[in-house]
Chemist: 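Quick one: structure below, then a few questions.
For ligands, and for the atoms within them, numbers begin at 1 and follow the listed sequence.
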Amino acid sequence: MEAMKICCIGAGYVGGPTMAMIAHKCSDIEVTVVDLNEARIAAWNSGDLPVYEPGLEEIVSQNREKNLFFSTDVDDKVREADVIFISVNTPTKDYGSGSGQAADLRFVESCARGIARAGGGDKIVVEKSTVPVRTAQMVKEILDSSNNGHSYQVISNPEFLAEGTAMTDLENPDRVLIGGDTSDAGQVAVEKVVSIYAQWVPRERIITTNLWSSELSKLTANAFLAQRISSINAISALCEASEANVDEVAKAIGTDSRIGPKFLKSSIGFGGSCFQKDVLNLCYLCRHFDLPQVAEYWEQVIRMNEYQKERFVTRLLDSMFNTVSGKRIAILGYAFKKDTNDARESPAIGICTRLLEEKANLAIYDPRVTKQSILSTLGWSEESAKGRVEFCTSAEEACQKSHAIALLTEWDEFKELDYTKIYEKMHQPAILFDGRNLLDLEELRKIGYRANGIGRV
Ligand code: UDX
Ligand code: UDX
């Protein structure tokens, strides 16, 4: 039997790592990742990958040019493949009907059209991108209407990997979800996709459902996770107003096995390319199906997240005599979480924008996020940033002479800094926020940072 060929359209944060893991675990499968973006493909073929994930580089370099390929030759690779994964971006629509809530499916649609055009025999088309419920129907209709004599099965196989831990999530997933048509042909296609993951994932962790359950499960999982963060962040506001400590509350409730300890870390708010987008998408779907009460329930998760970010800026201003104008603020961390170079929808964007509006000067340091990515997410040019935003190459440099430190991403290296020394080189008196609280050295030490001595940071 000829080896199975997989083609993945979209060499992004999801497509790249997922395909690298499939190639790594399935030496009998030929995997090609294609993308329209030539620079991105060139980067995947170089020593400097476009995505930073712990463990990714090793796996790519071990398998590249053996059974893992990166190419811009979309049509040919699609034509040759048995199984095609669609892993293109599905941003929130910023125009027309559903603007601000619905997912923009034009890239998924153009992939479906491209697959139909490419021909090359019967194919299984797998939705990897997070999509609204019933998107598979659209993909199916486009494929079937091509009348090219080939038959297509559409499968939903949503991704649950979290950035920063993508490789371990892929290697050892809680579950793999595969949804397909309930017809016989649909079930054969489901089994074919199951057979890929079954090469390394225990069979009982591979869940098969119908298409719609699979699509909706992805949105629901992310909505529940985002809701948990908004819930603990809501409690953090109450803790600050009373004398409760939110970490203690989180620990106390997390020991209840029904609640569990994970995802209870209060923060400046959640970020990333999934949570907000997926919750908005869920709300849009509810309204579409005339369920306004359900939509309003989930919308509150987003409102609480916005409130948390604004509350952080207000607290920072309050503790600096209500003005940061002309003051230097060190921003430690810009990525939406540690161990990723991804700044999309990072809470740091809104917070930096607000501080710049208040006329603060920012000294930003992040171990992985590039200057270009910071500028583009802020909507500033290199020219306009001059004198207002400084890009630093170390945390120490950013903190020097600053009036305040805002710790916006929990990179491990920030825990290792010598805050006593840093404090001596700051503008006096200086303050530090860990994203929630104004901290003194004692408090900093309590949450695992290296700080000796006493007093404010
Ligand atoms: C994307 C989706 O946003 C997310 O909903 C889904 O769960 C997984 O896929 P991500 O991989 O993070 O997430 O997106 P991104 O890093 O933007 O990568 C998408 C890639 O697709 C880009 O490199 C883009 O150039 C490429 N693309 C997009 C195509 O090759 N063809 C297209 O038509 C559109
Ligand atoms: C998320 C889901 O976890 C993943 O399953 C899905 O496939 C994609 O979306 P990701 O966005 O990469 O993954 O990261 P995640 O670890 O979920 O964190 C998202 C945001 O929530 C980050 O900004 C993080 O800082 C924040 N967060 C997380 C908290 O504020 N508190 C927590 O306790 C956990």
Chemist: Just go through Thr130, Asp342, Asp104 and tell me whose heavy atom is the nearest to atom 6 (C) of ligand 1.
Modeler: Thr130
Chemist: Does Phe224 have its ring centroid less than 6.0 Å away from the ring centroid of Trp298?
Modeler: yes
Chemist: Check this for me - ligand 1, Val14, N or O atoms closer than 3.5 angstrom, yes or no?
Modeler: yes
Chemist: Give yes if a backbone or side-chain nitrogen or oxygen of Ile229 is under 3.5 Å from a nitrogen or oxygen of ligand 2, and no if not.
Modeler: no
Chemist: Gly10 heavy atoms, cut-off 4.0 Å: which ligand 1 atoms fall inside?
Modeler: 20 (C), 21 (O), 26 (C)
Chemist: Which residue and atom name correspond to the protein heavy atom nearest atom 16 (O) of ligand 2, and how close is it?
Modeler: Lys337 NZ, 2.7 Å
Chemist: Need the ligand 2 atom indices (1-based, order shown) with element for anything under 4.0 Å from a heavy-atom of Phe160.
Modeler: 4 (C), 5 (O), 7 (O)
Chemist: Heavy-atom distances under 4.0 Å decide this one: backbone, side chain, both or neither, for Ile232 against ligand 2?
Modeler: neither
Chemist: Should you measure from each heavy atom of Ser267, which atoms of ligand 2 turn up under 4.0 Å away?
Modeler: 29 (C), 30 (O)
Chemist: Quick one: does Ser230's side chain have a donor or acceptor within less than 3.5 Å of a partner on Gln227's backbone?
Modeler: no
Chemist: With a 3.5 Å cut-off and no angle check, do the side chains of Ser236 and Gln308 form a donor-acceptor pair?
Modeler: yes
Chemist: Which is closest to atom 20 (C) of ligand 2 in terms of heavy atoms, Gly272, Gly271, Ser273?
Modeler: Gly271
Chemist: Do Ile422 and Ile405 have side chains that get closer than 4.5 Å, going by heavy atoms?
Modeler: yes
Chemist: With distance as the sole test, does Asn148 use its side chain to make a donor-acceptor pair with the main-chain N or O of Ala116 at under 3.5 Å?
Modeler: yes
Chemist: I need the atoms of ligand 2 closer than 4.0 Å to a non-hydrogen atom of Cys274, numbered in the order shown.
Modeler: 8 (C), 9 (O)
Chemist: Considering heavy atoms of the protein only, find what lies nearest to atom 25 (O) of ligand 2 and give residue, atom and distance to 0.1 Å.
Modeler: Phe336 O, 3.6 Å
Chemist: For Asp318, does the CG atom have more than 12 heavy-atom neighbours from other residues, nucleotides or ligands under 6.0 Å away?
Modeler: yes
Chemist: If we only consider heavy atoms of Glu410, is any one of them less than 4.0 Å away from an atom in ligand 2?
Modeler: no
Chemist: Below 3.5 angstrom, do we get any N/O pair linking Lys277 and ligand 1?
Modeler: yes
Chemist: Please report which non-hydrogen protein atom sits nearest to atom 30 (O) of ligand 1, along with the residue it belongs to and the distance in Å to one decimal place.
Modeler: Leu36 N, 3.1 Å
Chemist: Could you tell me if Asn341 and Tyr13 have a donor-acceptor pair between their side chains, going purely by distance under 3.5 Å?
Modeler: yes
Chemist: With a cut-off of 4.0 Å, which atoms of ligand 1 are near a heavy atom of Ser87?
Modeler: 9 (O), 19 (C)
Chemist: What's the shortest distance from atom 28 (C) of ligand 1 to any protein heavy atom, and which residue and atom give it?
Modeler: Asn89 OD1, 3.4 Å
Chemist: Using heavy atoms and a threshold below 4.0 Å, how should the contact between Arg344 and ligand 1 be classified: side chain, backbone, both, or neither?
Modeler: side chain
Chemist: To the nearest 0.1 Å, how far is atom 2 (C) of ligand 2 from its closest protein heavy atom, and which atom is that?
Modeler: Asn222 OD1, 3.5 Å
Chemist: Ignoring angles and geometry beyond distance, decide whether Glu159 reaches within less than 3.5 Å of ligand 1 through its nitrogen or oxygen atoms.
Modeler: no
Chemist: Can you establish whether the number of heavy atoms outside Asp48 located under 6.0 Å from its atom CG is more than 12?
Modeler: no
Chemist: Would you please classify the geometry between the Tyr152 ring and the His150 ring as parallel, tilted or perpendicular, with 30° and 60° separating the classes?
Modeler: perpendicular
Chemist: Give a yes or no on this: more than 12 heavy atoms of other residues, nucleotides or ligands lie within 6.0 Å of atom OH of Tyr307.
Modeler: no
Chemist: Within the structure, does Val34 bring an N/O atom to less than 3.5 angstrom of an N/O atom in ligand 1?
Modeler: no
Chemist: For Phe160, does the six-membered ring have the charged nitrogen or CZ of Arg175 within the cation-pi criterion, i.e. under 6.0 angstrom from the centroid and within 45° of the normal?
Modeler: yes
Chemist: Got a sec: does the CD of Glu382 have more than 12 other heavy atoms crowding it under 6.0 Å?
Modeler: no
Chemist: Around atom 19 (C) of ligand 2, find the nearest protein heavy atom and jot down its residue, atom name and distance.
Modeler: Phe275 CE1, 3.4 Å
Chemist: Does Glu357 have more than 12 heavy atoms from other residues, nucleotides or ligands lying within 6.0 Å of its CD?
Modeler: yes
Chemist: Would you mind checking which non-hydrogen protein atom is closest to atom 24 (C) of ligand 1, with the distance to 0.1 Å?
Modeler: Asp35 OD1, 3.4 Å
Chemist: Is there a donor-acceptor pair closer than 3.5 Å between any side-chain N or O of Arg113 and the backbone N or O of Ser146?
Modeler: no
Chemist: For atom 31 (N) of ligand 2, which protein heavy atom lies nearest, and how many Å away is it?
Modeler: Lys265 O, 2.9 Å
Chemist: Please state which protein non-hydrogen atom is closest to atom 10 (P) of ligand 1 and give its distance, to 0.1 Å?
Modeler: Tyr13 N, 3.8 Å
Chemist: Can any side-chain N or O of Thr409 pair as donor or acceptor with the backbone N or O of Lys337 at less than 3.5 Å?
Modeler: no
Chemist: How about Tyr52 and Glu163: does a side-chain donor come under 3.5 Å of a side-chain acceptor?
Modeler: no
Chemist: Can you tell me the protein heavy atom closest to atom 12 (O) of ligand 2 and the distance?
Modeler: Glu163 N, 2.7 Å
Chemist: Which of the numbered atoms in ligand 1 are under 4.0 angstrom from any heavy atom belonging to Gly12?
Modeler: 11 (O), 15 (P), 16 (O), 18 (O)
Chemist: Does an N or O anywhere in Phe270 fall below 3.5 Å from an N or O of ligand 2?
Modeler: no
Chemist: Among Thr18, Thr90, Val88, Leu161, which one puts a heavy atom closest to atom 1 (C) of ligand 1?
Modeler: Val88
Chemist: Which atoms of ligand 1 sit under 4.0 Å from any heavy atom of Asn37?
Modeler: 25 (O)
Chemist: Which atoms of ligand 1 have any heavy atom of Ser110 under 4.0 Å away?
Modeler: 33 (O)
Chemist: Taking atom types as modelled, is there a side-chain donor on Thr168 or Asn172 under 3.5 Å from an acceptor on the other?
Modeler: no
